[in-house]
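All remarks here apply to the structure that follows.
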There are 2 protein chains.
Amino acid sequence: MTVDTPTQTVLYTLEQAIKAYRKLCQHNLDAVADDLTVDQALTLIVLEKYPALSQQQIAELVFKDKASITRIIELLTQKGLLTRDIHPQDRRKFALSITTQGKHILAHLADTIALNQQTALAGLADEEIRQFHQTLQKIIANCLVPPACA
Amino acid sequence: MTVDTPTQTVLYTLEQAIKAYRKLCQHNLDAVADDLTVDQALTLIVLEKYPALSQQQIAELVFKDKASITRIIELLTQKGLLTRDIHPQDRRKFALSITTQGKHILAHLADTIALNQQTALAGLADEEIRQFHQTLQKIIANCLVPPACA
DNA sequence: TTTGTATAGTTGATATATCAACTATATTGG
DNA sequence: CCAATATAGTTGATATATCAACTATACAAA
C-alpha cells in the first residue's frame, strides 16, 4: 500500500466515482420526475419496499442522519408523495404511507434505477463487480471509527 | 451484471464506503486541528502543492463546484490560514497564499493524510488496490453524462 | 477601438450532512 | 406507580453541493 498526496490516491478516485454516479442518477431522474432529488427518490423507494420502517430505521438503511430523513420526508410530504400519521403503537413514531401520486412516480422509477445501475456498471464482468464489492467492504470495515474513541 | 434494488447494489456500497472514509478523515483531522473540515484541509493541501492554481482549477482538481471553492476559501481566509490578493496578470483571479499559521497546520496534516490512507487501505495488497482503482475508473467513464444531453 | 463572447469569481436559493440541544413518549427498575 | 433512562423525531447552526443569475475582466474579431 503506497501513500500519496490526496489527489493521487484511490480514495480520491472513489470520491470522483460517487460524484459522477450521483450526477448520472440525477440526470436520469430528471427525465422521469419533475423536481425530485436522488435522495428523495431513494427514500421513496426504500419506503415502498419496507413500508413499516421508522424514520430512524430508514436513516440507518440509507446511511443518513435522522435529521436529514426528517427534512427529506418533510419535502416528500409537501410534494404530496407521502403522508404522515401518528403511529398507533408508539406515539413517538410516524406511520408513513405513499400517496397515489407517490406510487405513480415510483412506477416510473423502477426503470430509472435499472438504467442507472446498468449504465454505471456497463462492461464490468460479474466477477469484477464481486471483487470490487469485496474491496469496498474491506475499506468500510477499516474506516469504522472505534465507538469508544469517537 | 445483475440489477437489484438500490440498497443491494455495489453502488450503494460505494456510497457507504465514501461516507465511512469521510468520517474517519474528519475524526483523525479533529485530533490535530481545531475547527477545520476535511474539505477545508483538502483545499489547503492542494494549494500548498499547486500554489498558482486559480479557484476554478482547484475546483476541477477536487471535483467541487467553483461556488463551493469560493465559500471554502472564504472560511479559510476568515480563519487566518489563507490570504487573497488580486492576481497581477488577471484581475478576475486571485492570488492565494498560505499564511504562516496555515503552513503550521499543514505541517501537522501530512501525518494525518498518511494515517487516513493507511487506515482505510489496511490489509489490501497493491494488486487489489490497482484492480479496485481500475474498476473505479471504468465506472467513472460509464457515468459521464454526454455533455450534449446534459 | 468597438462589439461580442468567453472566463473568473460571487451570490442567492434550495437540498443535504453533521452535530448538538431539545421535546415527547416508552420503558425499565425499584 | 414513580423515577431514571432510553428512544423517536424535531429544530437550529454551520458546511457543503448544485444550479442559475450576475459582475467584472479578458480576449478575439471586425
Side-chain angles (χ1 to χ4, degrees), chain A residues 15-16 18-27 29-30 33-44 52-79 82 84-96 145 150, chain B residues 15-16 18-27 29-30 33-44 52-79 82 84-96 145 150:
Chain A
E15 181 94 22
Q16 187 181 6
I18 199 72
K19 287 194 178 178
Y21 181 59
R22 283 209 200 105
K23 235 169 222 174
L24 170 72
C25 288
Q26 188 65 61
H27 176 77
L29 182 56
D30 287 343
D34 234 34
D35 191 35
L36 197 66
T37 69
V38 170
D39 293 300
Q40 289 163 15
L42 176 61
T43 303
L44 212 51
L53 286 189
S54 69
Q55 297 185 192
Q56 176 64 49
Q57 289 170 317
I58 295 171
E60 283 160 20
L61 199 55
V62 300
F63 313 120
K64 292 182 189 299
D65 195 279
K66 56 184 178 172
S68 295
I69 296 297
T70 292
R71 282 150 187 157
I72 289 174
I73 283 176
E74 192 186 337
L75 290 174
L76 287 173
T77 304
Q78 279 176 20
K79 291 176 187 180
L82 220 55
R84 283 201 326 179
D85 303 288
I86 293 175
H87 194 284
Q89 269 78 54
D90 188 335
R91 293 165 54 85
R92 291 171 305 180
K93 298 184 183 179
F94 290 96
L96 302 170
V145 176
Chain B
E15 181 94 23
Q16 187 181 5
I18 200 71
K19 286 194 178 177
Y21 181 60
R22 282 209 202 105
K23 233 170 224 174
L24 171 71
C25 288
Q26 187 66 61
H27 176 78
L29 182 56
D30 287 343
D34 234 33
D35 190 33
L36 197 66
T37 69
V38 170
D39 293 300
Q40 289 163 15
L42 177 60
T43 303
L44 213 51
L53 287 190
S54 69
Q55 297 186 194
Q56 176 66 46
Q57 289 170 318
I58 296 171
E60 283 161 20
L61 198 57
V62 300
F63 313 121
K64 292 181 189 300
D65 195 280
K66 56 184 178 172
S68 295
I69 296 297
T70 291
R71 281 149 186 155
I72 289 173
I73 283 176
E74 190 186 338
L75 291 174
L76 286 173
T77 304
Q78 277 175 22
K79 290 175 187 178
L82 218 56
R84 283 203 322 180
D85 303 287
I86 294 176
H87 193 285
Q89 269 78 53
D90 188 335
R91 293 164 55 85
R92 293 171 302 179
K93 298 185 183 178
F94 290 96
L96 302 169
V145 176

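Proteins come first, then strands; the chains are lettered A, B, ... in the order of their sequence lines, and each starts at number 1.
- Rounded to an integer number of Å, the gap from CG of B:Asp90 to C1' of D:dC27 is 10 Å.
- Side-chain contact check for A:Thr37 versus A:Leu42: every heavy-atom pair is 4.5 Å or farther apart.
- On a pure distance criterion of 3.5 Å, a polar donor-acceptor pair joins the side chain of B:Arg92 and the base of C:dT7.
- Residue B:Asp39 contributes atom CG, which lies 11 Å from atom P of C:dT18 at whole-angstrom precision.
- In this structure, A:Leu42 atom CG and C:dA15 atom P are separated by 17 Å, rounded to whole Å.
- Considering only side-chain N and O atoms, A:Gln40 lies under 4.0 angstrom from the phosphate OP1 or OP2 of C:dT16.
- Between the NZ atom of B:Lys64 and the P atom of D:dA17 there is a distance of 4 Å, given to the nearest Å.
- Side chains of A:Arg84 and A:Glu74 form no contact here, defined as non-hydrogen atoms less than 4.5 Å apart.
- With the nearest nucleotide of DNA chain D identified for both A:Gln26 and B:Val38, B:Val38 has the one nearer the 5' end.
- When the C1' atom of C:dT16 is taken as reference, atom CG of A:Leu36 falls 14 Å away, rounded to whole Å.
- B:Asp65 has its CG atom 10 Å from the C1' atom of D:dA20, to the nearest Å.
- Remark on DNA chain D: of its neighbouring residues A:Ser68 and A:Glu15, the 5'-side contact belongs to A:Ser68, judged by nearest-heavy-atom nucleotide.
- Atom C1' of nucleotide C:dT25 and atom NE2 of A:His87 are separated by 13 Å, given to the nearest angstrom.
- Two residues, B:Glu74 and B:Lys93, neighbour DNA chain C, and the one matched to the more 5' nucleotide by heavy-atom proximity is B:Lys93.
- For A:Thr70 and D:dG9, the shortest distance from a side-chain N or O to OP1 or OP2 is not below 4.0 Å.
- In the interface, the side chain of B:Arg71 is paired with the base of D:dT18 through a donor and an acceptor atom under 3.5 Å apart.
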Exercise. Between B:Arg22 and B:Gln26, does a side-chain contact (heavy atoms from CB on, under 4.5 Å) hold up when you go through it step by step?
Worked result: CA-CA 6 Å; B:Arg22 282 209 202 105; B:Gln26 187 66 61; over 6 Å; no
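- Here the closest heavy-atom approach between residue B:Phe94 and residue B:Gln55 is recorded as CD1-OE1, 3.8 Å.
- Dashed line: the shortest gap from a side-chain N or O of A:Thr37 to OP1 or OP2 of C:dA15 is not under 4.0 Å.
- A donor-acceptor pair is defined here as one N or O able to donate and one able to accept, closer than 3.5 Å; such a pair exists between the side chain of A:Lys79 and the backbone of A:Asp35.
- Of the candidates D:dC19, C:dT16, C:dG9, the closest approach to any side-chain atom of B:Lys66 belongs to C:dG9.
- Here the closest heavy-atom approach between residue A:Leu29 and residue A:Leu36 is recorded as CD2-O, 3.3 Å.
- Taking the side chain of A:Ala67 as heavy atoms from C-beta on, and the options C:dA17, D:dG12, D:dT16, the nearest nucleotide is D:dG12.
- Note: CD1 (A:Ile18) to P (D:dA17) measures 14 Å, nearest angstrom.
- Checking D:dC19, C:dA17, D:dG9 against the side-chain heavy atoms of A:Arg84 singles out D:dG9 as nearest.
- With rounding to the nearest 0.5 angstrom, the CG atom of B:Leu76 is 14.5 Å from the CZ atom of B:Arg71.
- Within 4.0 Å of A:Ile69, counting heavy atoms only, lies no atom of the nucleic acid at all.
- Two residues are said to be in side-chain contact when any heavy atoms from C-beta on lie closer than 4.5 Å; B:His27 and B:Lys23 fail this criterion.
- Against DNA chain C, the stretch residues 52-60 of chain A makes no heavy-atom approach under 4.0 Å.
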